[in-house]
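Take a look at the structure set out below.
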Amino acid sequence: MKEIKGMQEVIEVCNRLITVTSCEFVALALQNEVGPDVRWHYAAGNLNDKYKRITVRFGKGIAGKIISSGSPMMIIDFPNGIFGKVTDHPIMLAEKLVSTYAVPLFFWGVPKGVLLIGNRKASTFSEIDQEQVKESAQALEQILKADIMKDAGRS
């Protein structure tokens, strides 16, 4: 898969999410092609580039938990009410996020990615916002699957 930064369709989906939802930050994480680790590949509304250096183990952090469970997750007031240690949530710390909503991205029926929206203040995300994130995740699945298939055709 080519670098996501250069994929205009992915950038457009993420930027649109910031516009249509009540969020300040959008990020996309994908499980590595080899091994169980998960890495943040793209962010919009980010304060810095620390997200690029964050890698979490399968089942750890927001991204790892969503990929291992295949279920959406909302955090309303980080670090209050979280399970585990604060340091288990590096994307929250790096971007000073207090509230997030994240959903899995499925490839061939298996959760392999995460789309996350976030705010730097305590808030909940409406059902409309949640639906927008789910629809955007489905759009990203199609964009990324098409890219994977294109790459497979070249090898």
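Numbers here are sequence positions counted from 1.
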- Task: Return the minimal non-hydrogen interatomic distance between Leu115 and Ser136, and the atom names on each side.
- Result: CD2-CB, 3.7 Å
- Side chain to side chain, Lys52 and Lys50, heavy atoms closer than 4.5 Å: no
- Query: Going by heavy atoms in the side chains, are Ile75 and Ile62 under 4.5 Å from each other?
  - Reply: yes
- Item | Separation of His41 NE2 from Tyr51 OH (nearest 0.5 Å) | 10.5 Å
- Is any side-chain heavy atom of Phe25 closer than 4.5 Å to a side-chain heavy atom of Asn46? yes
- Query: If you round to the nearest 0.5 Å, how far is OG1 of Thr21 from CD1 of Ile117?
  - Reply: 4.0 Å
- If you count the non-hydrogen atoms of other residues, nucleotides and ligands that lie under 6.0 Å from NZ in Lys134, is the total more than 12? yes
- Query: Is there a donor-acceptor pair under 3.5 Å between the side chain of Ser99 and the backbone N or O of Lys121?
  - Reply: yes
- List the steps, then state whether side chain to side chain contact (heavy atoms under 4.5 Å, CB included) holds for Asp77 with Val98. CA-CA 5 Å; Asp77 189 15; Val98 178; 3.6 Å; yes
- Going only through I, L, V, M, F, W and Y residues with side-chain contacts under 4.5 Å, is there a path from Ile82 to Leu97? yes
- Query: Should Ile66 and Val103 count as side-chain neighbours, where that means a heavy-atom distance under 4.5 Å?
  - Reply: no
- Message: Tell me every residue that passes salt bridge (charged side-chain N to carboxylate O under 4.0 Å, His left out) with Arg120, counting only those two or more places apart in sequence or in another chain.
- Response: Glu24, Glu95
Which atom pairs, donor and acceptor, lie under 3.5 Å between side-chain atoms of residues 9-19 and protein residues at least two apart or in another chain?
residue : atom : partner : partner atom : Å
Asn15   : ND2  : Ile11   : O            : 3.4
Arg16   : NH2  : Gln132  : OE1          : 3.3
Thr19   : OG1  : Asn15   : O            : 3.2

- Task: To the nearest 0.5 Å, tell me how far Thr100 OG1 sits from Met74 CE.
- Result: 8.5 Å
- If every non-hydrogen atom of Val38 is compared with every non-hydrogen atom of Gly64, which pair is closest and at what distance? CG2-CA, 4.3 Å
- Query: Is there side-chain contact between Ile54 and Arg39, with at least one heavy-atom pair below 4.5 Å?
  - Reply: no
- Would you check if Pro90 and Val56 make a side-chain contact, meaning some heavy-atom pair closer than 4.5 Å? yes
- Task: I would like to know whether Leu116 and Tyr101 meet side chain to side chain contact (heavy atoms under 4.5 Å, CB included); could you show each step before the answer?
- Result: CA-CA 6 Å; Leu116 175 141; Tyr101 178 70; over 6 Å; no
- Message: I want to check something: taking the side chain as every heavy atom from C-beta on, are Phe106 and Lys112 in contact at a cut-off of under 4.5 Å?
- Response: no
- Task: Could you tell me which residues satisfy ring pair (Phe, Tyr, Trp, His ring centres under 6.0 Å) with Phe78, sequence neighbours excluded, listed by chain and number?
- Result: His89
- Message: Apply side chain to side chain contact (heavy atoms under 4.5 Å, CB included) to residues Ile91 and Trp40 and explain how you reach the verdict.
- Response: CA-CA 9 Å; Ile91 195 72; Trp40 294 98; 3.8 Å; yes
- Query: side-chain hydrogen bond (donor to acceptor under 3.5 Å, both in side chains) with Ser22: which residues, sequence neighbours excluded?
  - Reply: Asp129
- Sorted by chain and residue number, the side-chain hydrogen bond (donor to acceptor under 3.5 Å, both in side chains) partners of Asn119 (sequence neighbours excluded) come out as Ser123
- Message: One pair to check against side chain to side chain contact (heavy atoms under 4.5 Å, CB included): Phe107 and Lys145. What are the steps and the verdict?
- Response: CA-CA 7 Å; Phe107 296 95; Lys145 265 189 231 172; 3.7 Å; yes
- Note on the structure: By salt bridge (charged side-chain N to carboxylate O under 4.0 Å, His left out), Asp37 pairs with (sequence neighbours left out) Arg57
- Message: If I compare all heavy atoms of Pro104 with all of Pro72, which pair ends up nearest, and what's the gap?
- Response: CD-N, 3.9 Å
- Are Ile67 and Val110 connected in a single hydrophobic cluster, I mean Ile/Leu/Val/Met/Phe/Trp/Tyr linked by side-chain heavy atoms less than 4.5 Å apart? no
- Message: Are Leu28 and Leu144 packed together at the side-chain level, in the sense that at least one heavy-atom pair is separated by less than 4.5 angstrom?
- Response: yes
- Message: Looking at Gly113, is its backbone amide N or carbonyl O close enough to the side chain of Gln31 to form a donor-acceptor pair, meaning the two atoms are under 3.5 Å apart?
- Response: no
- So does Ile128 have more than 12 non-hydrogen atoms from other groups sitting under 6.0 Å from CD1? no
